[in-house]
Protein chains: 2
Amino acid sequence: MAEKHVYRFGFDQDGKNVSEVAGATVDEAKWITGGKGANLAEMAALGLPVPAGFTITCQTCVEYSSAGNVWPEGVLDEIDEYRKDLEERMGKKLGDSDDPLLVSVRSGAPFSMPGMMDTVLNLGLNDDSVQGLIKQTENPRFAYDSYRRFVQMFSSVVMGVSGQLFEDAISAKKAEKGVKLDTELDADDLKDLVATFKKIFSENVDVDKYPEVNENGVAVFPHDPLLQLRLAEQAVFGSWNTERAILYRKQNKIDDSLGTAVNVQVMAFGNKGNTSATGVAFTRNPADGTNERYGDYLVNAQGEDVVAGIRNTEPIAKLPTEPGLEEAGKQLFHVFEILEDHYADMMDLEFTIEQGKLYMLQTRVGKRTALSALKVAIQMVEEGRITKEEAVMRVAPEQLDQLLHPQFDADDIKGRDVIAKGLNASPGAAVGAAVFSSADAEAYAEAGKPCILIRWETTPDDLHGMVAAEGILTSHGGKTSHAAVIARGMGAPCVCGAEALQINAGEKTCAIAGTDIVLHEGDIISIDGSTGNVYMGEAKLVRPELGGDLQTILEWADEVRFNEERGRVMGVRANADNPEDAQLSRENGAVGIGLCRTEHMFLGDRKQLIQDFILSDDKAVKADVLKKLGEAQKGDFLGMFKAMAGLPVIVRLLDPPLHEFLDSPRELEVEIAKLEAADSALDAAKGTIASKDLDELEAELEKAIATKRELLKRIDSFQEANPMLGTRGCRLGFLYPELNHMQFRAICEAAAELIKEGVDAQPEIMIPLVAFSEELKHLRWMCEDDIKAVSEEYGVKLEIPIGTMIELPRAAITADHIAKYADFFSFGTNDLTQTCLGFSRDDVESSFMDTYLEEKLIKINPFATVDRGVARLVELGVKGGKETNPNMVCGVCGETGGDPDSIQKYYDLGLDYVSCSPFRVPIARLAAAQAKIASNGGPAKLN
Amino acid sequence: MAEKHVYRFGFDQDGKNVSEVAGATVDEAKWITGGKGANLAEMAALGLPVPAGFTITCQTCVEYSSAGNVWPEGVLDEIDEYRKDLEERMGKKLGDSDDPLLVSVRSGAPFSMPGMMDTVLNLGLNDDSVQGLIKQTENPRFAYDSYRRFVQMFSSVVMGVSGQLFEDAISAKKAEKGVKLDTELDADDLKDLVATFKKIFSENVDVDKYPEVNENGVAVFPHDPLLQLRLAEQAVFGSWNTERAILYRKQNKIDDSLGTAVNVQVMAFGNKGNTSATGVAFTRNPADGTNERYGDYLVNAQGEDVVAGIRNTEPIAKLPTEPGLEEAGKQLFHVFEILEDHYADMMDLEFTIEQGKLYMLQTRVGKRTALSALKVAIQMVEEGRITKEEAVMRVAPEQLDQLLHPQFDADDIKGRDVIAKGLNASPGAAVGAAVFSSADAEAYAEAGKPCILIRWETTPDDLHGMVAAEGILTSHGGKTSHAAVIARGMGAPCVCGAEALQINAGEKTCAIAGTDIVLHEGDIISIDGSTGNVYMGEAKLVRPELGGDLQTILEWADEVRFNEERGRVMGVRANADNPEDAQLSRENGAVGIGLCRTEHMFLGDRKQLIQDFILSDDKAVKADVLKKLGEAQKGDFLGMFKAMAGLPVIVRLLDPPLHEFLDSPRELEVEIAKLEAADSALDAAKGTIASKDLDELEAELEKAIATKRELLKRIDSFQEANPMLGTRGCRLGFLYPELNHMQFRAICEAAAELIKEGVDAQPEIMIPLVAFSEELKHLRWMCEDDIKAVSEEYGVKLEIPIGTMIELPRAAITADHIAKYADFFSFGTNDLTQTCLGFSRDDVESSFMDTYLEEKLIKINPFATVDRGVARLVELGVKGGKETNPNMVCGVCGETGGDPDSIQKYYDLGLDYVSCSPFRVPIARLAAAQAKIASNGGPAKLN
């Protein structure tokens with residue numbers, strides 16, 4: 001076979017590093033041997049104590065899965081060679097009854113997927129080798145505890161038997177023995193449990209899916225370590241496609257086709273008594289970035305115990321003070337330095353100390369909050385480890401959302417009692433109804449009700465609920481617990497290990513120890529992931545100001561971004577429709593308004609005016625209403641242009657179909673039907689009572705009905721089968737030129753007035769929904785007439801660029817023609833996506849979009865991240881536009897304008913700016929800088 | 001000036017042809033000097049008697065119009081040189097008081113636009129030169145008649161004064177003199193009229209728009225012939241942009257930017273007594289193609305009199321029998337031969353005989369009916385004048401529509417009385433309500449009521465009404481009258497000159513002379529443009545069979561089309577949804593079904609079934625309904641595949657959004673509101689009457705309301721904001737895979753059954769509305785499973801190609817990806833146009849489309865002829881598809897697939913076939929042949 005499917009890592013018997021490295025760098029290697037495997041080889045190269053092992057490649061997983069869970073030809077032989085090699089290196093054999101080799105089997109995908117993939121420890125144990133383990137350790141209790149753990153883990157993880165059955169068996173054993181703790185069970189008890197566990201295995205494994213079935217048709221727990229190994233490897237591959245793994249990848253935009261590697265590694269035991277321990281740590285604080293050792297450990301425990309949060313852990317700083325662990329603790333802290341020196345980043349690591357000896361089981365670049373990402377990046381620059389450009393690349397733009405999201409108002413929160421306090425595991429503030437299961441969290445979210453998910457500890461099965469909730473609150477688990485890690489990754493506020501919470505998930509209540517408070521489902525609470533505080537009731541949320549580290553990174557980002565020698569400059573503007581948002585945009589660093597939607601100026605009090613304009617036949621009424629609308633619009637523009645003085649403000653003409661301003665004809669018709677019924681009733685009543693009043697009442701009623709019928713007729717005349725593709729955008733301007741003139745004049749007059757006052761107003765006028773160059777030509781003429789007229793009236797020379805939205809496929813395709821009449825193009829990717837894909841957003845997001853994402857018919861929601869087809873249209877549009885008019889300014893003002901992945905594409909397609917929500921401007925600034933760096937040879941390095 | 005704006009035609013004083021020819025061929029020259037000018041020069045070159053003159057180019061018109069009616073620099077001088085040259089050639093001067101030169105000024109665009117453009121005759125007359133004319137002719141009456149005609153024509157045509165004012169003045173003069181006929185007025189009367197006419201001129205000309213205003217502010221009729229000339233030339237240019245000219249061009253798809261030329265030509269007088277005459281003629285019969293001289297003349301008349309149909313004319317064959325016109329008549333018939341020999345086509349010509357001497361005023365290729373076009377083309381091949389390919393190019397495909405349109409059923413028509421008989425001016429049968437004005441015709445058409453327009457004679461102002469009407473019936477005018485010419489051009493049936501009609505347009509009635517019949521507006525009549533017969537009531541229409549000349553031309557077309565050596569072959573298929581249409585398609589020459597829309601199979605009785613499927617929650621109900629639908633569909637497919645045995649039938653899966661099969665929720669809600677009102681009334685009644693029956697009634701009513709409310713909820717859940725872009729097409733298949741399976745199986749089972757019977761069934765399966773390659777991949781898998789299953793069940797090897805509609809911009813843009821899973825592409829240009837342009841057809845055709853066409857924002861209705869942007873998407877789609885899969889079969893199945901202009905584009909874009917309505921298949925066959933010829937070097941010529 002041409003392709004290599006297995007790579008060795010770690011040392012030979014002489015202590016020489018014999019790792020086979022899969023790529024020139026760890027980043028290259030991780031695509032082949034996964035993150036874990038690549039970093040194990042890397043650590044061995046650094047001389048760090050890595051237990052020996054080998055890695056089966058990600059590609060093997062892909063081939064195995066796509067062949068319907070069948071091993072590619074020859075691979076099993078290749079693995080077996082590496083198994084033998086490992087046995088030789090260790091001088092031990094799997095299943096040996098004297099000195100057995102035990103291994104762990106773990107997954108390791110190219111991207112870190114915490115809690116997602118399954119692990120099997122102590123593999124190699126059977127009734128023979130357990131004797132060998134006893135011989136070697138002279139510790140039968142340890143040996144049988146390891147054996148029962150293996151049977152339990154293998155059964156649940158590899159064969160899918162419910163873990164609860166094993167927990168129940170342990171409980172039964174403890175009851176039988178009259179003890180409370182697992183540790184009170186002795187070797188014989190554990191030996192009994194091994195037998196019981198194997199029985200549970202036999203009773204619960206599906207014989208059709210299992211190879212070791214005896215003559216009585218019973219599934220027998222595998223004795224052969226090689227079979228154990230193969231089944232475990234298969235389970236790892238299988239776990240790539242579990243529902244929760246798929247959901248995590250969707251959440252994190254990880255490609256489903258990468259596959260995962262399998263790492264087979266010699267066991268190191270953290271549970272061999274009090275000079276053994278296991279832990280996870282970060283070289284710096286991943287929550288806030290403080291340069292301190294961060295993490296937890298447990299003495300006499302196996303690795304999974306720490307992450308699972310079953311026992312409360314000790315802080316890592318205490319490790320060198322533990323009797324018998326002093327040396328290993330110091331050595332670990334030295335490893336921290338070696339790793340940071342080598343990786344020039346904050347690292348996350350897992351270790352085990354077996355009887356005083358340190359083993360490194362994993363390292364990777366540490367996941368962190370936005371706060372931490374910023375601080376660590378800045379520290380690294382200050383420490384001379386990385387360049388500013390590298391620092392800019394270190395912060396995930398999407399993560400900044402956390403910082404830009406609401407915090408509690410300081411004054412409001414001061415007056416509130418802290419009802420509980422936990423660990424500040426993931427920063428940010430959240431308010432919502434208390435819910436006690438993931439299903440409830442999802443139900444609340446679907447009903448549009450914000451909620452806080454309260455759990456003893458979360459498990460991977462809670463992922464759906466965590467995504468749905470505003471924040472997560474747990475009573476158990478440390479800062480590296482599942483809840484904490486996942487919440488940080490998602491940017492959701494999280495308070496964990498709040499021990500005062502006495503949760504009764506069945507009853508959906510939670511008492512607060514030391515108080516008489518009992519939370520019920522639906523009670524509103526507030527949690528602060530930055531402090532760990534929990535409050536009753538709805539605390540007030542405020543938007544944070546930019547500052548500190550964020551400001552520093554954004555300044556560095558802008559330094560790169562505006563450096564013309566470094567590459568093409570791409571600006572960031574904001575979409576804002578009122579002076580307040582314009583002001584916020586400016587504060588957030590926008591260099592202009594890319595889209596001001598004037599239809600938002602026709603709501604509220606003004607809705608009646610536009611209704612009158614649409615429905616009236618009376619020219620005088622229409623003219624009067626237009627005048628009032630014009631004055632109101634002028635007021636809006638005065639505020640916007642002033643707020644953005646010196647910067648361009650692109651004003652888009654009225655865009656939506658007019659019926660959006662009108663009442664629902666269906667409701668009106670039902671109302672009429674009711675009035676008519678009342679009229680009939682009145683008529684019937686008149687048969688029994690004769691009264692002049694009744695006659696008058698009836699006459700009035702009938703008049704009202706007639707008026708409403710007439711109104712209904714008018715309103716119906718504006719209904720459309722597909723309003724998205726109907727009479728809207730610039731099309732309105734040909735049917736109602738007076739609406740255009742009103743808007744043109746309001747813009748021009750506002751600008752002229754400000755310019756006379758010395759304010760540098762810079763409006764630009766944008767014509768929406770152009771499909772044909774002739775449309776733009778005619779409207780441009782119309783607009784130029786108004787600009788000229790207002791210039792003359794005010795004695796001010798107005799120079800207002802006129803451009804168009806490119807939001808229809810035809811506009812993009814024929815951009816070279818349209819460009820003849822445009823000073824700028826703004827790509828409206830929302831509508832362009834709707835028409836290019838035939839996706840009415842209102843309809844598809846509530847109907848088949850979820851199905852499409854789940855069945856992987858599409859990889860991303862195309863309204864969030866620009867679709868490949870839409871990007872191609874943008875490309876054609878930019879190319880056509882700049883060919884005809886080399887000075888054409890091209891920007892994007894759809895929602896994807898604030899999406900980092902899309903921003904990278906837009907940089908590469910040659911756009912001059914992106915425009916997004918004012919709140920996302922900082923994100924877009926960072927993303928634009930990263931896009932530029934990525935597309936111009938990567939970040940500058942230290943010499 | 002680099003560009004030449006004026007060209008000379010005709011002879012010098014020595015009889016030598018001194019024409020300046022504007023192009024290598026007449027067809028080239030006509031773009032420069034217009035059709036009339038180019039042909040005048042051509043006739044002079046043939047030695048035919050053409051009065052001398054010069055032509056101002058079309059380009060001059062374009063420049064003049066686009067500069068806002070300002071003459072391009074230097075052009076007036078250039079014209080003046082040619083005017084002097086003409087005076088020299090004739091030895092006469094304009095305005096000369098001894099022997100004045102008189103000229104006509106006529107328009108002449110590159111395309112013939114009958115009745116559209118304005119003409120001024122006798123130009124050069126004034127109070128001085130009229131004396132010269134008297135001297136030369138010794139005929140004062142003729143001179144003053146010419147003078148008053150000139151003043152009248154100049155005033156109305158050039159200055160826009162109402163012609164009625166002059167007619168009234170003539171009537172007044174006749175009343176004053178006590179005479180009835182114009183001819184009874186003597187020279188003095190006419191001289192008086194000249195003075196009166198000039199007064200009318202002064203009183204009605206807008207002094208602001210006229211250069212000759214005297215000191216009293218009065219507009220004076222222009223004395224200066226050079227001013228007369230300039231104003232007339234300007235009027236010709238202005239007439240290019242009159243409403244009726246624009247409408248004609250829109251109807252005939254003539255480019256607005258071509259402009260018209262102006263021809264200034266020495267007058268020949270057909271009104272110099274009984275040895276003078278004027279007429280128009282065709283070298284063959286333009287109505288049915290018979291090889292006979294065809295046309296009309298009037299003795300002692302000017303040219304406009306013939307066309308205007310004011311006096312009834314004599315048939316051209318009689319001309320050589322008129323005393324004093326014998327020689328000129330013979331000479332004219334000789335000219336017919338010269339022209340046909342030279343042009344190798346049937347020609348249309350205008351002539352004037354001035355005192356026995358023949359002058360040729362115009363010739364052009366004659367407009368003709370489809371019947372005539374076919375026959376003449378075949379005759380020309382038989383006569384050895386042209387090749388078969390040239391013959392194929394001679395028939396306008398769109399015209400064939402006339403022949404394919406209904407005729408009267410022979411049996412039905414036999415029993416009907418002919419109430420009137422006119423000339424068979426434009427063939428075809430029409431039935432409709434009698435209307436007496438163009439406005440009424442339009443109103444009827446808008447109301448969806450077919451109508452027949454009845455007029456004394458039509459004028460260019462009737463064009464709107466003629467377009468709106470099914471057929472045209474006039475009481476006056478010959479076969480070359482306005483009504484006849486225009487109707488033939490439009491392919492509308494026309495009976496003209498039906499003298500028995502006594503029309504009273506004011507009363508909207510028409511009595512039939514010799515009967516007691518009086519037609520009123522709205523009475524249904526039937527007219528036969530092929531026989532000239534008019535019937536009362538609604539005659540039965542039948543579709544004609546292909547045959548005769550049409551069959552011959554189509555065979556010649558197919559000969560070229562299927563000749564691989566001549567170029568790429570493009571097939572013609574049909575869109576058909578039932579066995580009858582499939583049969584018709586086959587008879588009309590379709591080589592397959594390009595689109596079978598299965599949703600048409602869910603209507604009628606089956607609508608209830610699909611409703612049950614959609615609305616029921618009961619799996620058993622759904623399954624049962626699906627089974628019934630599957631059986632019904634299988635029946636449809638059996639019929640279709642059998643009808644098309646040996647030819648491919650592309651079946652498209654269910655495409656429309658499901659709510660299209662459901663009731664209107666709005667109507668249902670109104671119904672509920674009414675029931676609820678009844679319920680309230682019942683409740684109130686119970687207050688006064690206690691009755692068990694009432695209780696039961698109320699309970700029943702409330703149950704009905706609850707059921708309907710539940711139904712409404714279900715129906716509402718299927719409503720979409722933009723159904724066009726919603727849950728339809730292949731998207732349905734992911735939400736309701738069982739619907740797909742039902743359809744897949746019905747297709748496969750029908751095919752398998754037929755194949756077992758020995759019928760060569762060739763179904764192909766088409767997946768609609770694909771946007772992503774993954775969609776097609778998944779549905780293809782699903783389909784292949786069913787094909788395999790049915791193959792096994794029936795023991796028949798089914799090989800069914802699977803393809804997709806390309807009807808979304810994304811599909812076209814990413815066709816290279818989609819092609820991985822497609823055996824064929826069918827471009828659905830209807831939906832592609834909707835999404836590419838953002839035009840919801842249901843909405844835009846009733847709202848802004850007309851405005852867009854009128855304001856020239858778009859040149860064509862993009863649903864009729866493929867839009868440039870859509871064509872570009874088709875191009876990208878074909879390219880991408882064939883790149884990935886060189887065997888990809890690409891076709892078009894949108895409505896544009898039957899449009900000749902679009903077919904030309906599709907040929908050039910490399911499509912393998914077009915598919916259209918069964919009735920349009922012959923048109924598409926011809927158009928496809930022409931496209932191939934045009935794109936491969938033009939028609940083969942005779943050696």
Is B:Phe772 close to chain A through its backbone or its side chain, or both, or neither, when contacts mean heavy atoms under 4.5 Å?
side chain
May I ask you to check whether over 12 heavy atoms, not counting those of A:Glu784, lie within 6.0 Å of atom CD?
yes
Identify which part of B:Leu735 has an atom lying under 4.5 Å from any heavy atom of chain A, answering side chain, backbone, both or neither.
side chain
Could B:Arg709 and B:Glu676 be called an ion pair, given the rule that one side-chain N must be under 4.0 Å from one carboxylate O?
yes
One option among A:Glu774, A:Arg731, A:Lys856, A:Glu807 has the most heavy-atom pairs under 4.5 Å with chain B, and it is A:Arg731
Pick from B:Glu667, B:Gln719, B:His817 with the largest number of heavy-atom pairs that fall under 4.5 Å of chain A
B:His817
Where on B:Thr814 is there a heavy atom nearer than 4.5 Å to chain A: the side chain, the backbone, both, or neither?
side chain
Counting only N and O atoms by type, is there a donor-acceptor contact under 3.5 Å from the side chain of A:Thr884 to the main-chain atoms of A:Asp816?
yes
Is it true that a side-chain atom of B:Thr804 and a backbone atom of B:Ile767 form a donor plus acceptor pair closer than 3.5 Å?
yes
Backbone of A:Val866 reached by a side-chain donor or acceptor of A:Thr896 within 3.5 Å
no
Among B:Ala812, B:Ala811, B:Pro809, which has the most heavy-atom pairs under 4.5 Å with chain A?
B:Pro809
Residue, of A:Val670, A:Leu808, A:Leu857, A:Leu769, that accumulates the most heavy atom pairs under 4.5 Å with chain B
A:Leu857
Salt-bridge criterion met for B:Glu875 and B:Lys879 (N-O under 4.0 Å):
no
What part of B:Arg841 is in contact with chain A, defined as an atom under 4.5 angstrom from a non-hydrogen atom: side chain, backbone, both or neither?
neither
Heavy atoms only, distances under 4.5 angstrom: which of A:Ala721, A:Ala678, A:Gly726, A:Ser773 has the most pairs with chain B? Name it, please.
A:Ala721
Within the side chain of A:Asp843, is there an N or O that forms a donor-acceptor pair under 3.5 Å with the backbone of B:Asn722?
yes
Between B:Arg666, B:His778, B:Arg872, which residue shows the highest count of heavy-atom pairs closer than 4.5 Å to chain A?
B:Arg666
Which bit of A:Ile813 comes within less than 4.5 Å of chain B, counting heavy atoms only: side chain, backbone, both or neither?
side chain
Per-residue contact mode, B:Ile858 against chain A (heavy atom under 4.5 angstrom):
side chain
Give me the ring orientation class for A:Phe863 and A:Phe839: parallel if the planes are under 30° apart, tilted from 30 to 60°, perpendicular past 60°.
tilted
Is there a donor-acceptor contact under 3.5 Å from the side chain of A:Glu720 to the main chain of A:Thr727?
yes
By a 4.5 Å heavy-atom criterion (distance strictly below it), what part of A:Thr851 contacts chain B: side chain, backbone, both, or neither?
side chain
What do you reckon, is CZ of A:Arg868 surrounded by more than 12 foreign heavy atoms closer than 6.0 Å?
no
Do the ring planes of A:Phe827 and A:Phe825 sit parallel (below 30°), tilted (30 to 60°) or perpendicular (above 60°)?
perpendicular
Output the option from A:Leu732, A:Asp831, A:Leu873, A:Asp867 having the highest count of non-hydrogen pairs under 4.5 Å with chain B.
A:Asp867
Residue from B:Gly838, B:Ala771, B:Gly869 scoring the most non-hydrogen pairs under 4.5 Å with chain A is B:Gly838
For the interface with chain B, which of A:Glu775, A:Arg728, A:Lys674 has the highest count of heavy-atom pairs at distances below 4.5 Å?
A:Glu775
Under 4.5 Å from any heavy atom of chain A, what part of B:Val844 do you find: side chain, backbone, both or neither?
side chain
Specify which of B:Pro665, B:Ser717, B:Ala677 makes the most heavy-atom pairs with chain A at under 4.5 Å.
B:Pro665
